[in-house]
Amino acid sequence: MRSAPSSKIHFTIYLKLDVSETLEEVFSLSCSYPFRYPTVLPEIVVRAPSLTRAQQALLNTDLETYLRTCCNGEVCVLSATEWIKDHAVDYLCKELISTNRQDSKRTSPNDTLFTRLWIYSHHIYNKHKRKNILDWSKELHLSGFSMPGKPGVVCIEGLQSSCEEFWARVRRLTWKRILIRHREDIPLSGQSDDLHKEIQKQRKFSCFEEKIFDVHGTRGNHMDLGQLYQFLNEKGCADVFPMYFGIEGQ
């Protein structure tokens with residue numbers, strides 16, 4: 001009887017993409033074939049020097065979603081390569097805009113970003129993860145909320161750098177599935193003395209808290225989404241409900 005292979009197949013693809021007429025960026029696709037490929041998707045991690053961890057995570061999450069939707073069960077590395085060629089620069093351009101803003105801050109104190117991230121997880125049950133979410137949001141001076149259960153919802157808001165640090169930490173934890181469902185970046189243009197006031201003005205939430213709505217389901221792990229919608233509506237955020245669940249709230 002033939003024994004199973006001792007290790008997976010690993011290789012890296014390098015793509016040089018034109019960002020502008022005078023600028024190129026090299027994207028690397030680190031690919032790992034599981035034993036049951038192509039019935040199981042390969043593990044592909046895309047990296048580029050100019051991407052932040054948050055942008056890299058978003059790019060990889062969107063690529064995985066595309067492959068699961070369009071290529072599951074098929075040979076798909078070529079499709080992944082073509083998708084990167086078509087879309088990766090869009091993620092890089094967002095980061096270049098952010099980098100330009102950071103550069104301008106060296107000569108002007110007027111430019112920074114207020115960010116709001118809407119994070120979706122397949123579920124949030126683990127007590128340590130829930131404590132980490134609360135502790136990190138407090139440490140990074142972020143407001144928002146988390147809704148544990150299945151699915152799990154997290155919203156954080158504050159300075160862009162703090163939001164990206166929070167996302168980088170959360171992303172490193174073990175999840176069945178977690179992704180940024182929606183992102184808001186709002187320019188702030190006040191002097192440093194007024195920056196705190198501007199940040200407070202942009203906040204939809206006064207603090208960060210864990211929200212528990214009426215629990216139902218056979219395992220008692222599903223929150224009442226109607227109450228979640230009402231909560232979002234009160235905060236002026238009802239428009240994100242369809243982004244999470246694909247239906248209008250009520």
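This chain uses plain numbering: 1 for the first residue, then up along the sequence.
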(request) Kindly indicate whether the side chain of R130, heavy atoms from C-beta on, has any atom under 4.5 Å from the side chain of S146. (result) no
(message) Could you walk me through whether S121 and V154 satisfy the side-chain contact (heavy atoms from CB on, under 4.5 Å) test, starting with their C-alpha distance in whole Å, then the side-chain angles of each, then the deciding distance to 0.1 Å, before giving a yes or no?
(response) CA-CA 8 Å; S121 174; V154 179; over 6 Å; no
(request) Under the side-chain contact (heavy atoms from CB on, under 4.5 Å) rule, what do F166 and I133 come out as? Steps first, then yes or no, please. (result) CA-CA 8 Å; F166 178 92; I133 289 171; 4.0 Å; yes
(request) Find the distance between NE2 (H10) and CD (E43) and round it off to the nearest 0.5 Å. (result) 7.5 Å
(request) Indicate if V170 and V45 have the same hydrophobic cluster label, given that clusters are the connected sets of ILVMFWY residues with side-chain heavy-atom separations under 4.5 angstrom. (result) no
(request) First locate atom CZ of F145, then atom SG of C207, and finally report the distance between them rounded to the nearest 0.5 Å. (result) 12.0 Å
(message) I want to check something: taking the side chain as every heavy atom from C-beta on, are K85 and L15 in contact at a cut-off of under 4.5 Å?
(response) yes
(request) Keeping the roles fixed (side chain from D185, backbone from T115), state whether a donor-acceptor pair exists under 3.5 Å. (result) no
(message) If we ignore hydrogens and angles and just use 3.5 Å, is the side chain of N233 paired with the main-chain N or O of Y229 as donor and acceptor?
(response) no
(message) To check you understand the geometry: which heavy-atom pair defines the closest contact between A88 and L17, and what is its length?
(response) CB-CD1, 4.1 Å
(request) Indicate if L173 and L58 have the same hydrophobic cluster label, given that clusters are the connected sets of ILVMFWY residues with side-chain heavy-atom separations under 4.5 angstrom. (result) yes
(message) Is there a continuous path of hydrophobic side-chain contacts, each under 4.5 Å between heavy atoms, that joins L142 to L134?
(response) yes
(request) Flag the pair I13 / F27 as yes when at least one side-chain heavy-atom distance between them is below 4.5 Å, and no otherwise. (result) no
(request) Please determine, by modelled atom types, if W118 and E184 share a side-chain donor-acceptor pair under 3.5 angstrom. (result) yes
(request) Give a yes or no answer on whether the side chain of R116 reaches the backbone of I186 with a donor-acceptor pair at less than 3.5 Å. (result) no
(message) Less than 4.5 Å apart, side chain to side chain, heavy atoms only: is that true for I44 and L67?
(response) yes
(message) I want to check something: taking the side chain as every heavy atom from C-beta on, are L140 and F208 in contact at a cut-off of under 4.5 Å?
(response) no
(message) Just checking Y14: does its OH atom have more than 12 heavy atoms from other residues, nucleotides or ligands closer to it than 6.0 angstrom?
(response) no
(message) Strictly below 4.0 Å, N to O, side chains only: are E157 and K204 in salt-bridge contact?
(response) no
(request) Indicate, with yes or no, if L41 and I9 share a hydrophobic cluster defined by side-chain heavy-atom contacts under 4.5 Å among Ile, Leu, Val, Met, Phe, Trp and Tyr. (result) yes
(request) Evaluate the side-chain proximity of I84 to L59: yes if any heavy-atom separation is below 4.5 Å, no if none is. (result) yes
(message) For K150 versus Y125, what's the shortest heavy-atom pair and its separation?
(response) CB-OH, 3.2 Å
(request) Would you mind telling me which of R203, K138, Q200 makes a side chain to side chain donor-acceptor pair (under 3.5 Å) with S143? (result) R203
(request) Supply the atom-to-atom distance C155 SG to H182 NE2, rounded to the nearest 0.5 angstrom. (result) 9.5 Å
(request) Measure the OG1-CD distance between T61 and Q56 for me, rounded to the nearest 0.5 Å. (result) 10.0 Å
(message) For I178, is there any backbone N or O sitting under 3.5 Å from a side-chain donor or acceptor partner on R171?
(response) yes
(request) Report yes or no: does K129 contribute a side-chain atom to a donor-acceptor pair with the main-chain N or O of T174 at less than 3.5 Å? (result) yes
(request) Quick one: pull up NE2 in H123 and CZ in R177 and give me the separation to the nearest 0.5 Å. (result) 13.0 Å
(message) Quick one, H141 and S162 - any side-chain contact, counting heavy atoms below 4.5 Å?
(response) no
(request) Compare all side-chain heavy atoms of R183 with those of Q160 and state whether any distance is below 4.5 angstrom. (result) yes
(request) Output, in order, the C-alpha distance, side-chain angles, deciding distance and verdict of side-chain contact (heavy atoms from CB on, under 4.5 Å) for W136 and E165. (result) CA-CA 9 Å; W136 291 341; E165 175 62 25; over 6 Å; no
(request) Determine the minimum heavy-atom distance between L117 and W167, stating which atoms define it. (result) CD1-CB, 4.1 Å
(request) To the nearest 0.5 angstrom, please state how far the CD1 atom of I180 sits from the CD atom of Q55. (result) 7.5 Å
(request) Would you check if the side chain of Y244 reaches a backbone N or O of I119 as a donor-acceptor pair within less than 3.5 Å? (result) yes
(message) Less than 4.0 angstrom from a charged side-chain N to a carboxylate O is my criterion; do E198 and K201 meet it?
(response) no
(request) Evaluate the criterion side-chain contact (heavy atoms from CB on, under 4.5 Å) for residue pair L188 and I199; output intermediate values, then yes/no. (result) CA-CA 8 Å; L188 300 174; I199 292 172; 3.7 Å; yes
